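Working notes for the structure below.
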Protein chains: 2
Amino acid sequence: MHTIDEIDVEILSLLGEDARRPFSDIAETVGLSGPAVSDRVARLQDAGVINRFTIDVDRSTIQGGVPVFVQVEVVGADVDALRERIGDADAVEHVFVTAEGDVWFYARAEGRNVRRWLEELLENGDLEYRVTLMDDVEWRPSLGGTAFALTCAECGNTVDSEGESATIGGDAYHFCCSSCRDRFETRYARLEEGA
Amino acid sequence: MHTIDEIDVEILSLLGEDARRPFSDIAETVGLSGPAVSDRVARLQDAGVINRFTIDVDRSTIQGGVPVFVQVEVVGADVDALRERIGDADAVEHVFVTAEGDVWFYARAEGRNVRRWLEELLENGDLEYRVTLMDDVEWRPSLGGTAFALTCAECGNTVDSEGESATIGGDAYHFCCSSCRDRFETRYARLEEGA
DNA sequence: TCTGAAAGGCCATAGAT
DNA sequence: ATCTATGGCCTTTCAGA
């Protein structure tokens with residue numbers, strides 16, 4: 001049962017600014033030793049909070065293709081399968097799933113013929129889709145200082161040092177108080193029983 | 001006047017997968033020495049191809065709020081100003097600008113009242129917008145091998161080893177041949193004169 | 001722009017608290 | 001979960017091509 005606290009948040013913020021920053025630097029900033037930071041980063045990776053260390057590339061100078069935003073209306077098809085299929089395509093950069101189960105994505109369509117590329121990507125399903133030509137994209141990895149504030153999974157309030165965290169069903173959740181956590185866990189258990 | 005070649009592209013791809021991968025590992029993969037890779041990475045940063053080393057964080061576990069996708073119809077307003085204002089907001093993760101000049105973004109709306117949060121973010125302008133509740137997001141930094149293919153800034157064709165690159169006005173551009181580059185530079189110079 | 005050697009710094013492990 | 005100490009690896013610098 002791991003706990004995520006403000007120091008973790010601070011570490012995430014620092015790594016967001018520069019992921020190659022030495023752990024010893026981070027250690028000094030947050031008031032820990034190097035190995036302690038290393039441990040915490042390893043834990044954050046295990047918990048799935050850090051998906052990966054990566055680079056933010058200015059793709060406009062590097063990758064060609066026509067930038068498009070596609071909104072696919074998913075009816076009578078497997079959303080997860082489609083989402084995975086789309087996400088695996090090389091040209092696709094962002095994949096969204098709406099609450100209604102539609103799949104939207106941003107991509108740089110390869111080749112000159114966008115329609116053909118799309119039909120192939122969607123496997124000639126009879127799905128309706130809408131294509132919008134795009135101009136510019138921006139992804140914001142970390143932002144200022146408050147970007148990584150913890151919020152209670154139960155009530156939505158900010159989690160301070162009094163709060164607690166728990167790994168439930170493989171995912172990390174954070175709570176502002178133990179009663180919120182109890183409520184969440186109870187609800188989660190009920191949901192699992194039902195499924 | 002720097003040149004970006006396939007080795008640079010390979011390095012970018014490898015760093016996209018794991019930005020903390022040792023340069024010596026990369027060196028072995030691409031067939032260079034460690035210092036050579038270090039030099040190339042430094043050059044890629046200077047040229048603005050690499051914006052930053054960063055981490056991809058699973059925000060769903062860290063940041064609360066309601067995930068929404070907002071499509072703002074921009075009429076009679078400054079697109080760039082709005083885009084910047086939205087991009088600077090803490091809760092906003094992805095910003096898109098359509099070819100028609102509308103601004104779309106993905107964010108985790110803070111607090112319980114999404115409408116109020118939005119009105120504030122859009123500065124009570126009379127802009128029309130559409131909000132869609134979202135379920136899931138995925139961002140793909142680097143993808144397979146072909147993701148970082150170079151394309152000619154002048155004609156859009158793929159740039160191979162015969163091509164060349166140049167830093168013009170502080171930005172890196174790539175060309176499939178010298179005539180494309182000449183044409184681009186001429187046009188650029190003319191544009192600058194005009195301004 | 002690359003290589004190779006050497007110096008300095010960084011990370012991971014071990015063992016104790 | 002954290003610390004200190006240490007061994008080994010990684011990065012950078014520099015000279016030479």
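Owing to the predicted nature of the structure, the values given are computational and were not obtained by experimental measurement. Letters A, B, ... are given to chains in the order of the sequence lines, protein chains preceding strands, and every chain is numbered from 1.
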Open item on the list: Protein within reach of the bases, or only the backbone? For nucleotides 11-17 of chain C, mark each nucleotide 5' to 3' as B, S or -, using heavy atoms under 4.0 Å.
Closed with: SSB----

TODO: Send over the distance from B:L44 CG to C:dT1 P, rounded to a whole Å.
DONE: 12 Å

Open item on the list: Suppose we screen for salt bridge (Lys or Arg N to Asp or Glu O under 4.0 Å). Which residues come up paired with B:R183, at least two apart in sequence or across chains?
Closed with: none

Open item on the list: As an exercise, state the distance from CZ of A:R52 to CG of B:D58, rounded to the nearest 0.5 Å.
Closed with: 11.5 Å

Task: Member of A:W104, A:F96, A:F69 meeting the ring-ring contact (aromatic ring centres under 6.0 Å, His included) criterion with B:W104 - done: A:F69

- [ ] Would you mind reading off the distance between B:E28 atom CD and D:dT11 atom C1', rounded to a whole angstrom?
- [x] 16 Å

Open item on the list: Measure CG/B:L32 against C1'/D:dC10 and give the value in whole Å, please.
Closed with: 17 Å

Task: Spacing of B:I26 atom CD1 relative to D:dC10 atom P, expressed in whole Å - done: 12 Å

- [ ] Using the test salt bridge (Lys or Arg N to Asp or Glu O under 4.0 Å), find all partners of A:R20 that sit at least two apart in sequence or belong to another chain.
- [x] none

Open item on the list: Let me check the geometry of the helix from C:dT1-D:dA17 to C:dT17-D:dA1. What is the bend angle between the axes at its two ends, five pairs each, to 10°?
Closed with: 30°

Task: Distance (rounded to the nearest 0.5 Å) between A:I7 CD1 and A:I26 CD1 - done: 12.5 Å

- [ ] Find the distance A:E6:CD to D:dA1:P and express it as a whole number of Å.
- [x] 15 Å

Task: Test salt bridge (Lys or Arg N to Asp or Glu O under 4.0 Å) applied to A:R116 and A:E120, step by step - done: CA-CA 6 Å; A:R116 197 178 308 149; A:E120 205 170 304; over 6 Å; no

TODO: Hey, could you give me each pair passing side chain to side chain donor-acceptor pair (under 3.5 Å) that has a residue in residues 28-39 of chain A? Not counting sequence neighbours.
DONE: none

- [ ] State which residues pass salt bridge (Lys or Arg N to Asp or Glu O under 4.0 Å) with B:R187; sequence neighbours excluded, sorted by chain then number.
- [x] B:E154

